[in-house]
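Working notes for the structure below.
Read the numbers this way: they start at 1 and go in the same order the structure lists the ligands and their atoms.
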Amino acid sequence: MKKELNHVQFLKELYGLTVSEIKRIDGYESTNYKISTSEGGKYLLKEYYNISRQEVELIQQENYVLNKLFIQHPRLYSRPKPSLSKEIFLSVSQSYHWRLLSYIEGTFLGETSHSNILLSSFGKFLANLDKELLFLESIPHQLRQTPWDLQHCLDSESLQIHISNPRKRKLTKYFFQQYRINIQSRLKSLRKQLIHSDANDWNVLSENDEVTGMIDFGDMCYSHLINELAIALPYVMFGKKNPTDVAKTVVGAYHQVLPLEIQELDVLYELIAMRLCVSVCNSAYHQKQNPDNEYISVSENDAWELLEKLISVNPLDFKNEMRQACGFDKERKASNDILLNRRRKLMSSSMSVSYEKPIQMTGAAFQYMYDAEGDSFLDAYNNIPLVGHCHPKVVEAGMSQMARLNTNTRYLYEILNRYSSRLLDKFPRSLNKIFHVNSGSAASDLAVRLALTRKKGKIVVLEQGYHGNTRMGVDISSYKFDGKGGTGQHPNIITLPMPDVFRIAESIPELIAQAKSILEEEENISAFIAEPIMGCGGQIILPEGYLKEVYDVVRSKGGICIADEVQIGFGRVGTHFWGFEQHDVIPDVVILGKPIGNGHPMGAVVCTEDVCSSFENGMEFFSSFGGNPVSCAIGEAVLDVIEEEQLQENALQVGNYIMDELRCMMRESSYIGDVRGSGLFWGMEMVMDDGITPNTLLAQKIKNDLRENHILISTDGPFDNVIKSKPPLCFTKDNADRLLEEIKKSLKRNEELQNNS
Ligand code: PMP
C-alpha cells in the first residue's frame with residue numbers, strides 16, 4: 001500500500017500525471033503496473049531494480065526502436081513517455097529505475113479465439129514489423145544473449161535436468177538432439193536481422209479479428225528471421241486440433257508481406273520444437289528456484305501438449321505444408337515403384353515387403369513412424385524399438401561410444417563387464433553367464449550349439465515356433481520347415497503340437513499329457529526350445545503348467561531347457577521382465593535379441609554355469625561384433641530407459657486396457673474368436689460366425705484398413721487370422737484409444753460386408 005502511494009506521488013512529481021487507478025501486473029522478470037490517469041491517459045510502468053550498465057543500454061536501445069516504430073505506427077506500438085526532466089529511462093533512486101510506456105488497448109491473442117482471419121492478420125502484422133525492424137539495423141547488434149534468442153537454444157539444454165518426469169524429458173532430449181544433428185549446421189545460410197523474438201499470445205493485441213498492436217520488446221535480438229515465426233507460432237498452435245493448419249495460415253500470410261526463403265521454411269518444424277523446449281526447460285529451472293511464481297509456468301502445460309503433438313506430426317508433412325503456403329514445390333522422395341523395382345533387381349524376392357501398398361519410411365520418433373508421403377503412422381506393431389524409435393538416450397549412447405572406441409571382446413573394456421553384469425542382474429541367480437552376439441538367430445544358433453556340445457541328442461521344438469534364419473535356426477523352426485518352401489522336419493528334431501487352447505479340442509491336462517508322452521518315448525534329448533508366448537504361432541500363451549511339466553521331462557532325460565525371449569523379453573509382458581517368469585520356471589539358457597538394442601543389431605545367450613563350462617572344450621568362441629562397446633553402451637541405455645520411464649508398468653496398464661476393451665468388442669461380435677496376450681504383446685483371433693473357423697480375409701481387411709488410417713499392425717498364426725500387436729512400450733492410453741476406435745470401425749464395416757455376402 002505504501003509503495004503504491006509512492007508510485008502515485010512519484011508519478012505526479014516526475015511525470016506530472018494524476019493517477020486515478022494503479023494495478024500491479026506480474027511479469028516473467030519484472031513487475032509492471034497499469035496506470036490510469038485523471039487526464040484519461042493509460043500507461044504501463046515498468047520497474048527495474050539494481051540493473052547492470054549493459055541492461056540500461058539494452059533498455060535504451062529498446063526505447064529507441066519503440067520511438068521509431070511509434071512514429072511510423074502510433075496505434076500499434078507503445079511509446080516511452082519522457083519524464084518532466086525529459087528522461088525516458090528514469091532514475092528514481094540510484095538502484096531503482098522506471099520506464100513509462102503508453103498503454104495499447106486491445107484483447108490479447110491469449111484471450112480470444114483464433115479465426116483464420118485473425119491468424120492471417122497476425123502473420124501480416126509480424127511480417128510488417130520485421131520489415132520495419134530491418135530498417136533499424138543501424139542500432140548495435142550485440143544485444144544481450146538471452147536464452148530466449150532461439151539461435152542460442154542449446155544454452156537451455158543443460159536445464160533439462162530440472163524436468164523431473166523422464167517421459168517428458170525424453171521429448172526435449174529428442175528435439176535438442178534432432179536440432180544438433182539435423183538443423184544446427186543448416187542455420188548458417190539463413191538471414192539474420194533484428195526481430196521482436198517474443199510474439200507470444202500475451203504480447204499481441206487484437207480487436208475484431210485483427211491484430212492491433214504488439215508490446216514487450218524486451219527480448220528483441222539480432223537473430224535468424226525465421227525465429228520470429230518459430231517463436232510466435234507455438235502460442236497460436238496450442239490446443240488446436242490441427243496445429244499444422246494454424247501454422248500454415250500464419251506463415252502464408254507472413255510470406256505475402258515479407259517473402260520467406262525455402263530453407264527457412266524447411267527448418268521451421270524443428271525451430272518451433274526448440275522454442276517449446278527452451279520454454280519448458282526454463283520454466284522447470286525457474287520453478288525450482290522460485291516455486292511461488294505462477295507466471296513462470298503459465299504456458300507450460302500447453303507447451304508439453306504441443307511437443308507431444310509435434311512428435312505425431314511427420315516433419316516432412318509440416319515442411320511441405322509450409323512450402324505450399326508460400327507457393328514452393330513440395331519436397332518429393334523417390335517413388336515407391338522405383339524403389340521397389342530397384343530392390344527387386346538388387347535383392348532376393350524371398351525378402352517380403354509389408355502391405356500390398358508398401359510404405360516408404362523416412363523417419364520415426366517413439367511410437368510414430370513417418371513415411372515419404374508425409375503421413376505419420378502410429379506404430380502398434382514393431383517390438384524392436386522397445387523404448388521407442390530414435391530414443392535420444394539410446395541414440396546418444398551409441399553416438400558417443402562410437403566416437404570414442406569400438407572394438408571387440410579380445411580386449412578388455414569396462415563397459416562390457418558393466419553391461420553384462422547389469423543384464424545378468426535381471427535374471428534368476430542360476431543364470432549367471434552371458435555370450436554376446438548380433439541377432440536373435442545368432443543367439444538361437446549358439447544356444448543349440450551349447451546344448452549339443454553339452455550332450456548330443458534331439459532338439460525338441462513347438463509346432464509353429466520360430467527361432468532364427470541360420471541353417472540351425474530354420475531346422476528348429478517349425479514355422480519355417482513346415483511352412484511354404486520348407487523341407488519338413490529334420491530327423492534330429494522332435495516337434496510337440498502347438499498348445500493352442502483356443503483351437504484344439506483337448507483340455508490343458510490332456511495337452512500336457514500328450515506332450516509328455518511324446519517325450520517319454522525319446523531317449524536322447526539334448527534340449528527343448530520354446531517361446532513362453534509364441535509370436536509367430538499367433539500370440540499363443542503357453543497354458544499354465546505346460547512349461548513346468550515339459551521342462552521336468554526334458555531334464556529327466558538329461559536335456560536342457562531354452563527360453564526364447566527374443567520377442568517378448570525386457571518387460572513387454574508387463575507382469576514380469578521375462579516371459580518365462582510367468583510360468584514359474586527357470587530355464588538353463590535364455591536367448592535375447594530384437595528389443596535388447598532398440599534396433600541396434602544385438603543378441604545374447606544367457607546360461608547357467610554348468611551349460612557354460614561344458615562349452616569350454618578348447619575351441620574359441622568369438623563374435624566380431626558381439627559385445628562391442630557401442631552395443632554395450634546402447635544395451636545399457638535401453639535398460640536405463642525401461643527403468644526410468646517405467647515401461648514395464650506402462651506395458652501392463654496399457655496392454656490390460658486394450659485387451660479389456662477388445663474383450664468387450666468380442667462380446668458384441670461373433671467374428672472375434674479370442675483375445676489373448678500379456679502386456680503389450682496381444683493378439684485377436686478373427687473367425688467366421690461359427691466362432692472357430694479361421695477368418696483370414698477379415699483379419700487382412702482389418703490390417704489393411706488400419707494401414708489406410710495410418711496405424712501399423714500385423715497378422716500371424718498358422719491361418720494368418722490373428723491380429724497381432726507388440727508396439728514400442730511407450731504406447732499410451734490415448735494411442736490405445738485411437739487404435740481401438742479404428743479396429744471398431746473396421747470391424748463394423750467389414751462385419752456388414754460379411755453379413756451381406
Ligand atoms: N526368435 C524369435 C522368437 C523371433 O521372433 C526371431 C525373429 N523374428 C528370432 C528368434 C530371430 O531373430 P533375428 O531376426 O534377430 O535373427
Side-chain angles (χ1 to χ4, degrees), residues 348 350-352 354 381-386 435-451 459-483 486 493 495-496 498-499 527-542 547 561-570 572-573 578-580 582-583 587 589-606 623-627 631 634-635 638 677-683 712 714-718 720 722 724-727:
S348 163
S350 63
M351 288 165 59
S352 73
S354 292
Y381 172 57
N382 288 291
N383 56 345
I384 297 173
L386 180 89
F435 293 86
H436 295 278
V437 289
N438 310 113
S439 67
S441 301
S444 65
D445 195 285
L446 175 61
V448 175
R449 254 184 81 200
L450 291 177
I459 307 294
V460 184
V461 303
L462 293 184
E463 183 191 353
Q464 282 296 316
Y466 177 71
H467 304 289
N469 61 25
T470 61
R471 208 175 81 179
M472 175 66 77
V474 173
D475 281 353
I476 59 170
S477 299
S478 147
Y479 186 71
K480 290 289 175 196
F481 65 69
D482 283 334
I493 302 294
T495 307
L496 300 179
M498 181 161 70
F528 165 61
I529 182 165
E531 289 178 275
I533 304 180
M534 298 180 67
C536 296
Q539 314 296 79
I540 305 286
I541 301 190
L542 301 187
L547 269 191
C561 301
I562 306 170
D564 183 336
E565 294 277 345
V566 168
Q567 285 211 26
I568 61 173
F570 292 90
R572 173 168 297 284
V573 297
W578 307 115
F580 68 78
Q582 293 186 322
H583 296 268
V589 178
V590 179
I591 63 168
L592 307 174
K594 292 185 191 277
I596 187 174
N598 211 50
H600 179 74
M602 291 171 70
V605 178
V606 170
S623 160
S624 297
F625 303 125
S631 299
I634 287 174
V638 170
S678 183
L680 283 171
F681 195 77
W682 60 263
L712 303 175
S714 151
T715 54
D716 218 328
D720 211 12
V722 180
K724 159 167 157 176
S725 174
K726 43 193 177 114

Of all the non-hydrogen atoms in the protein, which one sits nearest to [atom], and at what distance?
atom                    : result
atom 6 (C) of ligand 1  : Tyr466 CE2, 3.5 Å
atom 15 (O) of ligand 1 : Gly440 N, 2.9 Å
atom 10 (C) of ligand 1 : His467 O, 3.1 Å
atom 1 (N) of ligand 1  : Asp564 OD2, 2.7 Å
atom 5 (O) of ligand 1  : Gln567 NE2, 2.8 Å
atom 16 (O) of ligand 1 : Ser441 OG, 2.4 Å

Nitrogen or oxygen atoms of [X] and ligand 1 under 3.5 Å apart:
X      : result
Ala442 : no
Asn469 : no
Lys594 : yes

Under a 4.0 angstrom heavy-atom cut-off, which atoms of ligand 1 come close to [X]?
X      : result
Ser439 : 15 (O), 16 (O)
Val566 : 1 (N), 2 (C), 4 (C), 6 (C), 9 (C), 10 (C)
Glu531 : 3 (C)

Say whether, by atom type as modelled, one donor and one acceptor occur between the side chain of Ser623 and the main chain of Val437 under 3.5 angstrom. no

Heavy-atom donor-acceptor pair, Ser444 side chain to His467 backbone, under 3.5 Å: yes

Going by atom types alone, do Tyr479 and Asp716 pair a side-chain donor with an acceptor below 3.5 Å? yes

Run the numbers on His600 and Ser631 for side-chain contact (heavy atoms from CB on, under 4.5 Å), then give the verdict. CA-CA 7 Å; His600 179 74; Ser631 299; 2.8 Å; yes

Candidates Asp445, Ile562, Leu446, Leu592 - the one meeting side chain to side chain contact (heavy atoms under 4.5 Å, CB included) with Val605: Leu446

Straight-line distance of Glu463 CD to Ile540 CD1, nearest 0.5 Å: 10.0 Å

At what distance, to the nearest 0.5 angstrom, does NZ of Lys480 lie from SG of Cys536? 7.5 Å

For the pair Gln582 and Ile533, evaluate side-chain contact (heavy atoms from CB on, under 4.5 Å) and give the outcome as yes or no after the intermediate values. CA-CA 10 Å; Gln582 293 186 322; Ile533 304 180; 4.1 Å; yes

